[in-house]
Amino acid sequence: MTATWAVVGADPDSDAIVVALWDDAEIESVRLARADFPGWVAARAAAHRWVWGDTTAWYPDLLAAGVRIERCQDLRLCHAILRDTMFVDATALRAAHHWDIAADVDGGARVPTLFDVDVPTGTVPREIGETVAEFVRQRDVLERTDARLRLLTAAESAGALVAAEMRHAGLPWNVAEHERILTAELGTRTAGGMPSKMIETAARVRQALGDPAVSLDSQPKLLRALHRAGVLVESTSKWELARQTHPAIEPLLAYKRMSRLLSANGWTWLDEWVHDGRFRPVYIPGGVVTGRWASAGGGALQLPRQLRAAVRADPGWQLVTADVAQLEPRVLAGMARDTAMATAARGRDLYASLVEQKIVETRQEAKYAMLGALYGSTSGESGRLVPRLRRAFPRAMGVVDAAAKTGEDGGLVATLLGRTCPPASAEWTRVQRAATDADVSPGEERLARSRARERGRFTRNFVVQGTAAEWALAWLADLRLRLARLGSDDAPPHLAFFLHDEVIVHAPAEAAEAAAQAIRDSADAAGKLLFGDFPIDFPLDVTIGTDAVKA
DNA sequence: CGGCGCGGCGCG
DNA sequence: AAAGCGCGCCGCGCCG
């Protein structure tokens with residue numbers, strides 16, 4: 001008899017690992033020496049859905065031993081989703097506080113860095129008894145709900161596998177190319193730490209300001225120096241500076257660009273984060289309340305486009321870079337079942353369609369209008385254009401407007417698959433209640449309205465950003481399985497990077513076209529999984545090359 | 001010295 | 001241009 005579930009945990013009395021095989025009830029339990037565990041898993045990697053407390057605690061060792069599994073349930077991640085969802089009563093899960101643990105960012109445990117990433121690193125129970133107990137609690141909850149939460153927990157768990165596998169594989173990174181870019185932008189390294197072009201540019205700024213000693217790295221000092229030179233800005237941010245006309249501005253903006261590159265992704269970053277030609281960031285699935293991933297260390301999700309050229313395939317391999325055009329509007333059209341919006345988006349640039357249909361005048365306006373709709377702009381160019389979308393796509397706008405209203409009223413909203421936003425804080429509720437008092441001051445009233453609108457913008461965006469994250473998880477989950485079936489057994493194409501609506505796949509050259517097709521097929525499958533037969537598509541921009549610079 | 005808030009800026 | 005959402009990381013400056 002083949003068990004559906006294989007629950008993995010530590011033997012409380014020894015160094016052994018226990019696997020409890022389950023269907024409707026426990027079938028048997030197997031005790032394994034640690035050293036035998038990877039081989040045992042490898043022999044039945046696709047036979048079970050592997051259940052464990054935390055993918056970051058169990059999977060890296062398997063990967064190091066060359067073992068990949070097909071499916072899992074990550075109890076830590078699923079606990080958080082089921083505990084908070086508004087669609088099923090999960091009282092038993094809410095009581096299990098020892099599972100309320102945020103991501104263990106050092107889970108890989110072999111992070112080759114100089115510094116520990118300073119995020120709390122709690123751990124969920126490892127022991128088999130408590131692991132089985134939590135598995136049973138989640139199973140009972142999932143049995144009482146519809147397919148959506150089962151889809152979501154499966155997708156979230158698949159994301160955990162992808163994250164561990166991508167960290168294991170790393171993003172191929174060409175140090176020489178990165179250094180070439182640094183030298184071209186910043187000049188040569190000097191003993192003092194500041195590269196030559198930065199030193200020269202700083203001197204030009206000081207010259208133009210008539211202040212030979214001013215610090216350019218201290219915001220208050222720089223602001224005072226600008227004022228003394230007659231540049232009356234309120235901040236030193238680049239967009240405010242860019243509006244000024246003064247000889248110091250051009251070199252100052254150049255200095256700020258260089259300073260940013262040096263501190264965020266300079267030589268120090270290279271030493272710390274790139275080893276053996278691989279950048280290995282820590283990905284944190286479910287790290288954002290909306291369900292998006294976060295990252296810790298290395299700034300994986302903020303790599304500047306400037307450095308794209310340093311992402312370089314191994315010899316004989318290629319990189320397949322793919323991103324979805326206008327993911328969030330498409331997801332909104334799908335979740336609202338807004339046929340007009342889906343039609344405008346079909347197979348092409350949604351923003352161009354809005355211009356053609358004379359909903360707005362220019363593509364740029366279309367973009368601002370859509371951002372305003374998703375983020376809740378009320379003022380400026382963007383806020384002015386939103387009503388046009390409301391007239392053109394009442395169903396889609398109805399979904400985000402309703403989410404905003406619910407949030408303003410202190411209610412909960414959820415994504416398509418049931419991930420639910422956090423409740424309003426006690427402080428938020430207190431401020432709202434104070435505003436209903438008979439003797440409320442105008443200030444209190446204003447504060448309450450402002451906080452209510454803030455929360456409305458959050459819940460408005462939550463439903464779309466969160467459902468887009470679900471689409472992306474479904475895409476990743478399907479793609480990792482398709483890729484594993486391509487290429488030769490010892491060198492299949494693999495995911496190397498993921499950023500909200502974009503993937504980079506590292507593939508043997510002969511498998512690159514097939515990988516590109518797999519990426520497209522997975523996008524189609526994700527659309528079907530979330531939106532069924534509703535005719536919304538998710539066209540991709542796909543580029544195959546030796547680097548990750550998009551065509 | 002470490003912790004923390006802030007301004008600033010990179011990404012979607 | 002930002003605006004309006006979600007992040008992480010840097011350096012500075014202040015505080016204990």
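Below, chains carry the letters A, B, ... as their sequence lines are ordered, and counting in each starts from 1.
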Output field: ring centroids Trp267(A)/His178(A) closer than 6.0 Å: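 No, the ring centres sit 6.0 Å or more apart.
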Of the nucleotides dG10(B), dC9(B), dC7(C), which has the atom closest to the Ser237(A) side chain?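 Of the candidates, dC9(B) comes closest.
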Rounded distance in Å - CZ (Arg384(A)) to C1' (dA3(C)):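 Result: 13 Å.
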Name every residue in residues 213-228 of chain A that has at least one heavy atom under 4.0 Å from any atom of DNA chain C, in order of residue number, or write none if there are no such residues.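 Listed by number, they are Asp217(A), Ser218(A), Lys221(A).
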Do the side-chain N or O atoms of Lys238(A) get closer than 4.0 angstrom to the phosphate oxygens (OP1, OP2) of dG8(B)?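 Looking at the OP1 and OP2 atoms of dG8(B), neither is under 4.0 Å from any side-chain N or O of Lys238(A).
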From the list dA2(C), dC11(B), dG11(C), which nucleotide is the closest neighbour of the side chain of Ser263(A)?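 Of all the options, the side chain of Ser263(A) is nearest to dG11(C).
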Could you give the distance separating dG4(C) and dG5(B) at their P atoms, to the nearest angstrom?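 Here dG5(B) and dG4(C) have their P atoms 24 Å from each other.
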Looking at dA3(C), does its base get a donor-acceptor pair with the side chain of Tyr368(A) below 3.5 Å?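 In this structure, the two groups form a donor-acceptor pair.
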Rounded distance in Å - CZ (Arg260(A)) to P (dG8(C)):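 The answer, rounded to whole Å, is 14 Å.
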Taking atom C1' of dA3(C) as reference, at what distance in whole Å does atom CE of Met370(A) sit?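 That distance rounds to 17 Å.
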Please give, in whole Å, the distance from dC11(B) C1' to Leu171(A) CG?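 Interatomic distance, CG of Leu171(A) to C1' of dC11(B): 15 Å.
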Report the distance from atom CZ of Phe458(A) to atom C1' of dA3(C), rounded to the nearest whole Å.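 Result: 19 Å.
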Which comes earlier along DNA chain C counting from the 5' end, the contact point of Ala300(A) or that of Arg292(A), where each point is its nearest nucleotide?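 Result of the comparison: Arg292(A).
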Taking CE from Met198(A) and P from dG11(C), how many angstroms apart are they, rounded to a whole number?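 To the nearest whole Å, that distance equals 11 Å.
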When you measure from the side chain of Lys256(A), which nucleotide among dA2(C), dG12(B), dC9(B) comes out closest?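 Selected nucleotide (nearest to the side chain): dC9(B).
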Between dC11(B), dC5(C), dC7(C), which nucleotide has the shortest distance from any of its atoms to the side chain of Val289(A)?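 Closest nucleotide among those given: dC7(C).
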Arg228(A) atom CZ, neighbour heavy-atom count above 12 within 6.0 Å: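 More than 12 within 6.0 Å, yes.
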Does the side chain of Arg457(A) get closer than 4.0 angstrom to OP1 or OP2 of dC5(C) through an N or O atom?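 So the side chain of Arg457(A) is within the cut-off, an N or O lying under 4.0 Å from OP1 or OP2 of dC5(C).
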Please work out whether the ring planes of Phe498(A) and His500(A) are parallel, tilted or perpendicular, with thresholds of 30° and 60°.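 Judged by the thresholds at 30° and 60°, the geometry between Phe498(A) and His500(A) is perpendicular.
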Value in whole Å for how far the C1' atom of dC11(B) lies from CZ of Phe497(A):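 Atom CZ in Phe497(A) sits about 9 Å away from atom C1' in dC11(B).
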Taking the side chain of Arg305(A) as its heavy atoms from C-beta onward, which of dC9(B), dG10(B), dG12(B) lies nearest to it?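 Out of dC9(B), dG10(B), dG12(B), the nucleotide with an atom closest to Arg305(A)'s side chain is dG12(B).
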Thr236(A) side-chain N/O to dG8(B) phosphate OP1/OP2 under 4.0 Å: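 Thr236(A) to dG8(B) OP1/OP2: side-chain N or O found under 4.0 Å.
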What is the distance, rounded to the nearest whole Å, between atom OH of Tyr375(A) and atom P of dA3(C)?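 Interatomic distance, OH of Tyr375(A) to P of dA3(C): 12 Å.
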Of Gly298(A) and Ala242(A), whose nearest nucleotide on DNA chain C comes first from the 5' end?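 Of the two residues, Ala242(A) wins.
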